[in-house]
There are 2 protein chains.
Amino acid sequence: MASRNGSQARKREDHDTASDLEQLFGYNLKRAYIIFQTDFRKALGPDGLGPRSFALLALVVRFPNITQSELARALGIERSGLVAIVDELEGRGYLHRVAVPGDRRVQALVATTEGSSAYADALQRVRDHETELLADFTDDEKKMLAHLLQKIRLREDD
Amino acid sequence: MASRNGSQARKREDHDTASDLEQLFGYNLKRAYIIFQTDFRKALGPDGLGPRSFALLALVVRFPNITQSELARALGIERSGLVAIVDELEGRGYLHRVAVPGDRRVQALVATTEGSSAYADALQRVRDHETELLADFTDDEKKMLAHLLQKIRLREDD
DNA sequence: CTTATATTGTTTACTAGGTTAACAGGTTGG
DNA sequence: CCAACCTGTTAACCTAGTAAACAATATAAG
């Protein structure tokens, strides 16, 4: 039995006992992000692309011959962090590094046909999972959410 | 001269060259979260509390004698992940583990006065940094953002 | 041309923030 | 009394990065 101490009689689950955390945008943003990320993995399966690989492949498919430095800038991460992701995607046969005639430092990235179709398939799954996650949202709410998140991203380079 | 050239000069950032990523909620949520998290650290300094420790301390201050299992549920992480955070906060002298008379398995957590005031200070800094990050947002937009993020969190236990 | 500076991809070591599985000790329901 | 279940904890692991150094290459300045 071991009932709680008298001073601690109120239950944690009560709505009127919310912590400061619930009012903070950063905390709620994080929790929301975790929900999406978890569902992303579920949608693409245990052997499917991870979020990072998916994002990188999206850019390579969209911008053939993009370089790793450009990718790093577009994704907002360091160049060094890209290497492992590119290695993984090359290992799957989804893209390859190709030499660029004018500049021998650069390794441009090009998606294979297998990579393009794997990406198209993954994109559909991701869109479906997002649609389901936001099933309770009206079109206006979705538009508003997209707008507000984009607006936050504008503050990126301050 | 200024009008046409200016808009043509932007290359990758243009709307007509956007990747699919820009339309995905998960990706934008992640980027927004990164922006907040980075600014959080800047606001609290190199030796300040990290986001995890801050969140845990917030709950301990708000709910004295909360247990680690209850914390894990509230924060949405595993019990095992809490140990290091509690150790850190105990090491800083911000809280301590206390035995609970009725149940010898449990170690209830109580914030010290030092912990409470460090938390109050940190909370103020975090609120200020969020205010600044969202300086371009109207009150309606902030309310809407808070509402939408909370709504996403409702899908947590599906 | 030559020298200084910058850029590109890469490796290595490190950090943050978790998870999963196992476990000992303590509690509780049948 | 015993089986099942909680609690905190450790250990090993995973994801997603950063920071610093480096060789090869490219570009700018004198």
Side-chain angles (χ1 to χ4, degrees), chain A residues 1-4 26-27 29-31 33-38 40-42 44 46-56 60 65-90 95-109, chain B residues 26-27 29-31 33-38 40-42 44 46-56 60 65-90 95-109:
Chain A
M1 182 55 89
S3 62
R4 285 260 165 272
Y27 184 74
L29 218 33
K30 177 180 185 167
R31 296 294 294 254
Y33 156 63
I34 298 289
I35 291 167
F36 269 76
Q37 206 227 28
T38 302
F40 179 103
R41 288 184 186 286
K42 215 168 56 186
L44 264 56
D47 294 342
L49 293 169
R52 302 184 306 163
S53 308
F54 174 81
L56 194 151
V60 174
N65 292 302
I66 193 172
T67 70
Q68 297 190 35
S69 288
E70 289 170 323
L71 276 172
R73 234 172 294 131
L75 293 171
I77 63 180
E78 294 299 313
R79 296 194 316 283
S80 58
L82 283 172
V83 180
I85 312 175
V86 173
D87 284 350
E88 185 219 320
L89 289 171
E90 198 171 32
L95 58 78
H96 43 265
R97 295 161 157 106
V98 299
V100 169
D103 188 336
R104 282 187 300 179
R105 293 171 302 184
V106 180
Q107 307 261 97
L109 301 181
Chain B
Y27 184 73
L29 218 34
K30 176 179 187 168
R31 296 294 294 255
Y33 156 63
I34 297 289
I35 291 167
F36 269 76
Q37 205 226 28
T38 302
F40 179 103
R41 288 185 185 285
K42 214 167 58 188
L44 264 55
D47 294 341
L49 293 169
R52 300 185 309 164
S53 308
F54 173 80
L56 194 151
V60 173
N65 292 302
I66 193 171
T67 70
Q68 298 190 36
S69 289
E70 290 170 322
L71 276 172
R73 234 171 295 133
L75 293 172
I77 63 180
E78 294 299 314
R79 293 192 325 274
S80 58
L82 284 172
V83 180
I85 312 175
V86 173
D87 283 351
E88 184 218 322
L89 289 171
E90 198 171 32
L95 58 78
H96 42 265
R97 294 162 157 104
V98 300
V100 169
D103 189 337
R104 284 185 298 178
R105 292 170 303 182
V106 179
Q107 306 263 96
L109 301 181

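To find a chain, count down the sequence lines: A is the first, B the second, and so on, and within it residues start at 1.
- How far NZ of A/Lys30 is from CD1 of A/Ile35: 12.5 Å, rounded to the nearest 0.5 Å.
- Taking only side-chain nitrogens and oxygens, A/Ser69 comes nearer than 4.0 Å to OP1 or OP2 of C/dT8.
- Going from atom CG of A/Leu49 over to atom C1' of D/dA16 covers 16 Å, rounded to whole Å.
- Computed from coordinates, the B/Ile66 CD1 to D/dG8 C1' distance equals 15 Å when rounded to whole Å.
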Please list, pair by pair, any protein nitrogen or oxygen found under 3.5 Å from a nitrogen or oxygen in nucleotides 19-24 of chain C.
unit_1 : atom_1 : unit_2  : atom_2 : d
C/dT19 : OP2    : B/Glu78 : N      : 2.9
C/dT20 : O4     : B/Ser80 : OG     : 2.9

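- Scanning all heavy atoms of the two residues, the minimum distance from A/Glu90 to A/Arg97 falls at OE1-NH1, 2.6 Å.
- Put simply, A/Gln37 has no side-chain N or O that comes within less than 4.0 Å of OP1 or OP2 on D/dT15.
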Item to check | Evaluation steps, side-chain contact (heavy atoms from CB on, under 4.5 Å), between A/Leu109 and A/Thr67 | outcome: CA-CA 6 Å; A/Leu109 301 181; A/Thr67 70; over 6 Å; no

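- Looking at heavy-atom distances under 4.0 Å, A/Val106 makes contact with sugar-phosphate atoms alone, never a base.
- Counting all heavy atoms, side chain and backbone alike, A/Ser53 lies closest to A/Leu89 at O-CD1, 3.7 Å.
- Tested against B/Val83 for a side chain to side chain contact (heavy atoms under 4.5 Å, CB included), the candidates B/Ile85, B/Val86, B/Asp87 yield a single pass: B/Asp87.
- Along DNA chain C, the nucleotide nearest A/Val83 and the nucleotide nearest B/Ile85 are compared for position; the residue whose nucleotide lies closer to the 5' end is A/Val83.
- Look at A/Lys30 and you'll find a side-chain N or O under 4.0 angstrom from OP1 or OP2 of C/dG18.
- Axis orientation changes by 20° from one end of the helix from C/dC1-D/dG30 to C/dG30-D/dC1 to the other, with each end axis drawn from 5 pairs and the value rounded to 10°.
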Could you go over nucleotides 26-29 of chain D and give all protein N or O partners under 3.5 Å, atom names and distances?
unit_1 : atom_1 : unit_2   : atom_2 : d
D/dA26 : OP1    : A/Arg104 : N      : 2.5

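- Checking C/dT11, C/dG18, D/dT10 against every side-chain atom of A/Asp87, the shortest atom distance belongs to C/dT11.
- Atom CG in A/Leu71 sits roughly 13 Å away from atom P in D/dG17 (whole-Å rounding).
- Listed by chain and residue number, A/Phe40, A/Tyr119 satisfy the ring-ring contact (aromatic ring centres under 6.0 Å, His included) test with A/Phe54 (two or more places apart in sequence, or in another chain).
- One interatomic measurement links the two molecules: CD of A/Gln68 to P of C/dT11, which rounds to 10 Å at whole-angstrom precision.
- Atom-to-atom, CD of A/Gln107 to P of C/dT7 comes out at 19 Å; the value is rounded to the nearest Å.
- Rounded to whole angstrom, the span from the CZ atom of B/Arg41 across to the P atom of D/dG17 amounts to 14 Å.
- Atom CG of B/Leu56 sits about 9.5 Å away from atom CZ of B/Arg52, to the nearest 0.5 Å.
- Separation of atoms CG (A/Asn65) and CD (A/Glu70) is listed at 9.5 Å; rounding is to 0.5 Å.
- With rounding to whole Å, B/Arg97 atom CZ is found 18 Å from C/dG25 atom P.
- With sequence neighbours excluded, the residues that form a ring-ring contact (aromatic ring centres under 6.0 Å, His included) with A/Tyr33 are B/Tyr33.
- Residues A/Arg41 and A/Pro51 are in side-chain contact: their nearest non-hydrogen atoms beyond the backbone lie under 4.5 Å apart.
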Side chains of residues 71-82 of chain A: which donor-acceptor pairs under 3.5 Å do they make with residues two or more places apart or in other chains?
none

Checklist entry - Yes or no on side-chain contact (heavy atoms from CB on, under 4.5 Å) for B/Val98 and B/Gln107, after CA distance, side-chain angles and deciding distance? => result CA-CA 5 Å; B/Val98 300; B/Gln107 306 263 96; over 6 Å; no

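- Between B/Asn65 atom CG and D/dG8 atom P there is a gap of 12 Å when expressed in whole angstrom units.
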